[in-house]
J.: 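Take a look at the following structure, please.
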Amino acid sequence: MRYTSNHKAETRQRIIGEAARRFRKDGIEGTGLVPLMKALGLTHGGFYAHFESKDALVQASLEAAAEQTLERWQAPPADSPARAVIDQYLSAEHRDEPGEGCPLPTLAAELGLRGQPSATADAMVARMTSLLADCRLAPASGDQGIVALAAMVGALTLARAVSDRGASDGILAAVRAALQPAPPTA
């Protein structure tokens with residue numbers, strides 16, 4: 001059977017896309033290579049034609065998930081970019097679709113526990129921190145963006161962990177209300 005010249009690259013992208021979704025939804029350890037490849041109609045052995053290890057796939061998938069997440073906020077409304085990011089991030093839709101959302105709530109702890117911090121996570125944190133830099137939540141110390149991001153990731157993580165839907169909605173609402181972007185300057 002003959003494949004197109006870009007078949008291998010396309011297959012690699014399919015693997016990365018599915019892995020990015022599954023890692024965000026089920027975590028790194030909760031995502032097995034055999035079920036991942038089977039879901040794509042590929043063999044476990046075929047995985048190694050595209051990646052040298054699961055760790056290499058984790059890094060490629062994290063890059064894809066970070067790019068997808070940051071694309072959502074490339075052009076937020078000019079009147080309050082931080083408010084748009086906060087409202088979208090702390091929404092029921094984002095909570096309920098971890099496979100399509102920000103990878104930080106699922107993967108940050110797991111990457112740390114594995115002893116494998118990521119430069120991709122560094123870049124994502126820096127970009128999101130800059131989007132949230134005008135939040136007013138503590139004395140002006142220059143750290144508002146990172147405090148806002150940490151609050152958002154923590155709130156989403158907690159909202160996904162509790163079984164009471166009302167409590168989950170309450171967590172999102174409380175943190176959304178607490179994160180107040182500075183009013184636009186005239």
Side-chain angles (χ1 to χ4, degrees), residues 1-78 81-82 84-133 145-146 149-150 152-153 156-157 159-160:
M1 179 177 191
R2 297 197 69 118
Y3 293 110
T4 63
S5 60
N6 57 350
H7 174 76
K8 186 171 182 176
E10 289 172 355
T11 300
R12 179 181 168 86
Q13 285 309 117
R14 284 180 49 224
I15 295 168
I16 290 170
E18 183 64 15
R21 188 184 69 72
R22 287 177 181 237
F23 288 151
R24 287 181 281 188
K25 182 177 178 288
D26 302 324
I28 297 166
E29 294 303 320
T31 301
L33 293 181
V34 172
L36 169 69
M37 296 300 283
K38 186 174 182 178
L40 294 167
L42 302 168
T43 65
H44 175 252
F47 170 84
Y48 295 100
H50 300 280
F51 301 94
E52 65 182 45
S53 66
K54 185 175 181 179
D55 289 341
L57 176 61
V58 167
Q59 183 57 37
S61 298
L62 180 58
E63 289 170 6
E67 183 177 317
Q68 182 185 46
T69 299
L70 292 172
E71 279 178 6
R72 290 186 187 129
W73 299 309
Q74 287 300 329
V85 170
I86 292 164
D87 289 345
Q88 184 179 5
Y89 199 98
L90 296 173
S91 68
E93 293 79 18
H94 191 205
R95 176 200 56 212
D96 296 342
E97 293 294 334
E100 303 302 320
C102 177
L104 292 176
T106 305
L107 299 180
E110 202 166 350
L111 289 171
L113 289 172
R114 296 175 96 212
Q116 296 177 326
S118 167
T120 301
D122 295 350
M124 185 171 193
V125 167
R127 174 71 177 117
M128 290 183 73
T129 296
S130 72
L131 286 170
L132 299 166
I146 193 65
L149 178 59
M152 290 169 35
V153 170
L156 192 61
T157 301
R160 287 177 176 167

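One-based numbering along the sequence shown. Note: hydrogens, waters and symmetry copies are ignored here, and every other heavy atom, side chains too, is used.
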J.: I'd like to know if the side chain of R24 and the backbone of P103 have a donor-acceptor N/O pair within less than 3.5 Å.
T.: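 Not a single qualifying donor-acceptor pair exists.
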J.: Are the side chains of E71 and E67 in touch, meaning some heavy atoms are under 4.5 Å apart?
T.: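 Yes. Closest side-chain heavy atoms under 4.5 Å.
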J.: Is there a side-chain contact between L36 and F23, using heavy atoms and a 4.5 Å cut-off?
T.: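 In short, these two side chains do not touch, never coming nearer than 4.5 Å.
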J.: Has H94 got a side-chain atom pairing as donor or acceptor with C102's backbone, closer than 3.5 angstrom?
T.: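 Indeed, once roles are kept as given, a pair shorter than 3.5 Å links the two residues.
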J.: Using a 6.0 Å cut-off, check whether atom NZ of K25 has over 12 heavy atoms from anything other than its own residue.
T.: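 No, not enclosed.
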J.: Does the side chain of H50 reach to within under 4.5 Å of the side chain of I16, using non-hydrogen atoms?
T.: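 Side-chain contact under 4.5 Å: no.
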J.: Using side-chain heavy atoms (C-beta onward) and a distance below 4.5 Å, is E97 in contact with E93?
T.: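 The answer is no; the side chains never approach within 4.5 Å.
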J.: With side chain to side chain contact (heavy atoms under 4.5 Å, CB included) as the test, would you mind laying out the steps for F47 and L40 before giving the verdict?
T.: CA-CA 11 Å; F47 170 84; L40 294 167; over 6 Å; no
J.: Please step through side chain to side chain contact (heavy atoms under 4.5 Å, CB included) for the pair L111 and V58, ending with a clear verdict.
T.: CA-CA 10 Å; L111 289 171; V58 167; 4.2 Å; yes
J.: When rounded to the nearest 0.5 angstrom, what is the spacing between CG in L107 and OG1 in T120?
T.: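 The CG atom of L107 sits 11.0 Å away from the OG1 atom of T120.
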J.: Could you report the tightest heavy-atom contact between L62 and S118, atom names first, then the distance?
T.: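 Heavy-atom minimum between the residues: CD2-OG, 3.2 Å.
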J.: Please walk me through it: do M152 and L104 pass side chain to side chain contact (heavy atoms under 4.5 Å, CB included)?
T.: CA-CA 10 Å; M152 290 169 35; L104 292 176; over 6 Å; no
J.: Just do the side chain to side chain contact (heavy atoms under 4.5 Å, CB included) check on E100 and Q68 with the steps written out, would you?
T.: CA-CA 9 Å; E100 303 302 320; Q68 182 185 46; 4.1 Å; yes
J.: Where the side chain of E110 meets the backbone of I28, is there a donor-acceptor pair that is under 3.5 Å apart?
T.: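 Yes, the answer is positive, given that a donor and an acceptor are paired below the 3.5 Å cut-off.
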J.: Once you round to the nearest 0.5 Å, how far does CD1 of I86 lie from CD of Q88?
T.: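 CD of Q88 is found 12.0 Å from CD1 of I86.
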J.: Roughly how far, to the nearest 0.5 Å, is the OG1 atom of T11 from the CG atom of N6?
T.: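 Atom-to-atom, N6:CG and T11:OG1 are 9.0 Å apart.
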J.: Does the side chain of R95 reach to within under 4.5 Å of the side chain of L156, using non-hydrogen atoms?
T.: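 Yes, side chains in contact.
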J.: Can you give me the closest heavy-atom contact between R22 and A39, atom names plus distance?
T.: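 That would be NH2-CB, 3.0 Å.
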J.: What is the distance from atom CD1 of I15 to atom CD of E10, rounded to the nearest 0.5 Å?
T.: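 One gets 12.0 Å once the value is rounded to the nearest 0.5 Å.
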J.: About how many Å separate CZ of R21 and CG of D26, when rounded to the nearest 0.5 Å?
T.: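 Separation between the atoms: 7.5 Å.
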J.: Answer yes or no: is there a donor N or O on one side and an acceptor on the other, between the side chain of R127 and the main chain of L70, under 3.5 Å?
T.: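 Not confirmed, R127 side chain does not pair with L70 backbone.
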J.: Testing the basics here: between T157 and P105, what is the closest heavy-atom pair and its distance to 0.1 Å?
T.: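 Result for this residue pair: OG1-CB, 3.4 Å.
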